[in-house]
There are 2 protein chains.
Amino acid sequence: MSEPTGLRARKKERTRDAIGDAAVSLFLERGFDRVSVNDIAAAAEISKPTLFRYFPTKEDLVLHRFADHQGEAARVVRDRKSGIKPVTALHRHFRAGLDRYDPVTGLNDHPEVVAFHRLVFTTPSLAGRLTRYQLEDEEALADALGDGIQARLLAAQVLAVQRVLARTNWQKIADGRTAHDVHPEAVAEADQAFNQLR
Amino acid sequence: MSEPTGLRARKKERTRDAIGDAAVSLFLERGFDRVSVNDIAAAAEISKPTLFRYFPTKEDLVLHRFADHQGEAARVVRDRKSGIKPVTALHRHFRAGLDRYDPVTGLNDHPEVVAFHRLVFTTPSLAGRLTRYQLEDEEALADALGDGIQARLLAAQVLAVQRVLARTNWQKIADGRTAHDVHPEAVAEADQAFNQLR
DNA sequence: ATGACCAGGTTGCTTTTTTAACCGAGTAAC
DNA sequence: GTTACTCGGTTAAAAAAGCAACCTGGTCAT
């Protein structure tokens, strides 16, 4: 029922983490395009082909943290308890994210997280690639919601709302406020936005 | 001219160290035959066949620290400066070992080293295997000394002397004295023993 | 413009490691 | 006395990693 935690799987996961951590910390230190994949491979003590076996492109070295949340919205809809509407489930899930200051909500003031956001959104190739991830996420959510054009529209609107909320939160953090301080209005705005979706 | 420090070589060395360290620390903790090779492999996070690729037998997991000094006597004789007699070179090398409290001289009171010695000499299969290492060492030394039966005899006597000296030192340490305290008489005994060899 | 780099990726080929299964000897249960 | 462990050690096949060499596309001197 669970993952078979063999020796192989454990080491693969560790290697993946080592590569991702080395990459992100180098990127934060010197900027995305001032770090070569060779540098990352050297820092993670692996070879270049091995690096590309774990991550298809250099961009994914940064975006794997988003990729880990890939399909989350679709899963939330699919796994909702019976009697609960999709939008409600998504709403609750987003609010739970706010409550635990999940970085994907934009409501997180850890310096490293803030710097990471900045890195992603000020590096064009990263921002570009990120939208591709969002598209896939949207399709998955649409499939979970149903078949017609309405499912597609709803999926797009939900994810657009989440992006706006996250970006708003992040902006406030970027202006120097603390996550704890911003939290109440973030919740209020989320409630308002999700209610308008119905 | 030097070792090619590739990624592969570095990781191999680390793996070897990890296995050896895990093995010795488990042995010291629970005794040689209360630890299975499976335990060691698990502690070192490698598989059993991999363990045996690095160490031919369970005993060698302990004795690799001696094995690392394998052929040292022969090398000392071969690399001696011209004009220096073999026995003199070996004598100086042993004294240098005493001065830096090298564990192979028996003159070392670190708890871990003492426990390690105790482990080796109170476990029959280990003591047995150790004599095999010493035999190989003796043959190598004999070859370095020359061809005839006299070379063999001298080699055997030198190594016998070193073993007696080391055992004597270890005994004094085992009686509770410090290495620093024992050092002067260890040097004196070594000088006397090596002088009698000439 | 040409040639020499450096970047992100890729391609074979070899070495290393995992996995599961096995062998042979000892040993405890029943 | 058979059954069923455990332990040290081995085998064969498959996955993973390393390495060197390559491709493509840019950038910079000369």
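For clarity, every value in this text was computed on a predicted model and none was experimentally measured. In what follows, chains carry the letters A, B, and so on, assigned in the order in which the sequence lines appear, proteins first and then strands, with residues in each chain numbered from 1.
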Fill in: Derivation of the salt bridge (Lys or Arg N to Asp or Glu O under 4.0 Å) call for B:Asp102 and B:Arg100
CA-CA 5 Å; B:Asp102 189 320; B:Arg100 84 181 101 87; 2.8 Å; yes
Worksheet item: Quick one: is C:dT18 close enough that its OP1 or OP2 comes under 4.0 Å of any side-chain N or O from B:Ser47?
Response: yes
Worksheet item: Is B:Lys172 salt-bridged to B:Glu189, cutoff N-O under 4.0 Å?
Response: yes
Worksheet, complete the sentence: Rounded to whole Å, CZ of A:Arg8 lies from P of C:dT16 at a distance of 17 Å
Practice prompt. Decide if atom CZ of A:Arg198 counts as having more than 12 heavy atoms of other residues, nucleotides or ligands within a radius under 6.0 Å.
Written response: yes
Discussion item. Side chains of B:Gln171 and B:Asp175, heavy atoms from C-beta outward: is any pair under 4.5 Å?
Written reply: yes
Worksheet entry | Working for ring pair (Phe, Tyr, Trp, His ring centres under 6.0 Å), residues A:His110 and A:Tyr101 | CA-CA 10 Å; A:His110 278 70; A:Tyr101 298 102; 9.0 Å; no
Discussion item. Looking at every heavy atom in both A:Leu90 and A:Ala73, which two are closest together, and how far apart are they?
Written reply: CD2-O, 3.8 Å
Practice prompt. Please work out which of the three classes, parallel, tilted or perpendicular, describes the rings of B:Phe66 and B:Phe116, given edges at 30° and 60°.
Written response: parallel
Worksheet item: What are the two closest non-hydrogen atoms of B:Ala186 and B:Leu107, and how far apart are they?
Response: CB-CD2, 4.2 Å
Item to complete: Give one of base, sugar-phosphate or nothing for A:Tyr54, where a contact means two heavy atoms less than 4.0 Å apart.
Response: sugar-phosphate
I'd like a table of atom pairs between the protein and nucleotides 5-8 of chain C - only N or O on both sides, under 3.5 Å - with the distance next to each one.
residue: C:dG8; atom: OP1; partner: A:Lys58; partner atom: NZ; Å: 2.7
residue: C:dG8; atom: OP2; partner: A:Val37; partner atom: N; Å: 2.9

Fill in: Length of the line joining A:Arg53:CZ and C:dT11:C1', which is rounded to integer Å
11 Å
Worksheet entry | d(CG, A:Leu7; C1', C:dA20) in whole Å | 13 Å
Response to the item:
Span of DNA chain D engaged by chain B, first through last nucleotide within the 4.0 Å heavy-atom cut-off, is D:dG8 to D:dC19
Worksheet item: Between B:Thr123 (side chain) and B:Leu119 (backbone), is there a donor-acceptor pair under 3.5 Å?
Response: yes
Worksheet item: Cationic tip of A:Lys58 within the cone over A:Phe52's six-membered ring, i.e. under 6.0 Å and within 45° of the normal?
Response: no
Discussion item. For A:His91 and A:Phe194, take the angle between the two ring planes, folded into 0 to 90°, and tell me which bin it lands in: parallel under 30, tilted 30 to 60, perpendicular over 60.
Written reply: parallel
Can you pull every protein N or O that's under 3.5 Å from an N or O on nucleotides 23-25 of chain C?
none

